[in-house]
Amino acid sequence: MLGTCVPEDSARRVDSEPRAMIDLHEVLPGVHPGARMILQIHDELVFEVPEDEVESVAVLVRERMEKAMDLAVPLLAEPSWGPSWADTK
């Protein structure tokens, strides 16, 4: 389980998260066919990922989320992972 969060104090999070979700929905199956986005909870996206792909998927997700929009201030994504969503906290 991989969870990625864009902190609420980041500018324009509301606009960037849906853009990142669409981008990841299109890109993820071609690059990591075993990984899938399964849930959005407030400012977090949750993915189910094969254990041996977690770190490379985390890099891809972070990259896509942080670059979803071109802004004057940086958007920061904070990936974390564990066997369940609760363990990613």
request  = Would you give the length of the straight line joining atom CD1 of I22 to atom CD of E17, rounded to the nearest 0.5 angstrom?
outcome  = 11.5 Å
key: Derivation and outcome, side chain to side chain contact (heavy atoms under 4.5 Å, CB included), residues V61 and F47   = CA-CA 10 Å; V61 170; F47 298 82; 3.8 Å; yes
query = Would a distance-only check, ignoring hydrogens and angles, find a side-chain to backbone donor-acceptor pair under 3.5 Å from S80 to T88?
reply = yes
query = Should M21 and V59 be regarded as members of a common hydrophobic cluster, given that ILVMFWY residues are connected when their side-chain heavy atoms come within less than 4.5 Å of each other, either directly or indirectly?
reply = no
ask   = Hey, does the side chain of E66 reach the backbone of A77 with a donor-acceptor pair shorter than 3.5 angstrom?
value = yes
note = Those residues at least two apart in sequence (or on a different chain) that pass side chain to side chain contact (heavy atoms under 4.5 Å, CB included) with L39 are I41, V46
note = In this structure, CE of M37 is separated from CG of L28 (nearest 0.5 Å) by 7.0 Å
ask   = Where do M65 and L24 land on the side chain to side chain contact (heavy atoms under 4.5 Å, CB included) test, with the steps shown first?
value = CA-CA 9 Å; M65 289 185 75; L24 287 164; 4.3 Å; yes
ask   = Is the closest basic N to carboxylate O distance between K67 and E63 below 4.0 Å?
value = no
inquiry  = Would you compute the distance between atom CD of E44 and atom CD of E78 and round it to the nearest 0.5 angstrom?
reply    = 9.5 Å
Pairing residues for E53 by the side chain to side chain contact (heavy atoms under 4.5 Å, CB included) criterion, not counting sequence neighbours = H32, V49, P50, S56, V57
ask   = Is there any side chain to side chain donor-acceptor pair (under 3.5 Å) pair reaching into residues 21-31, and which pairs are they, with sequence neighbours excluded?
value = D23-R64
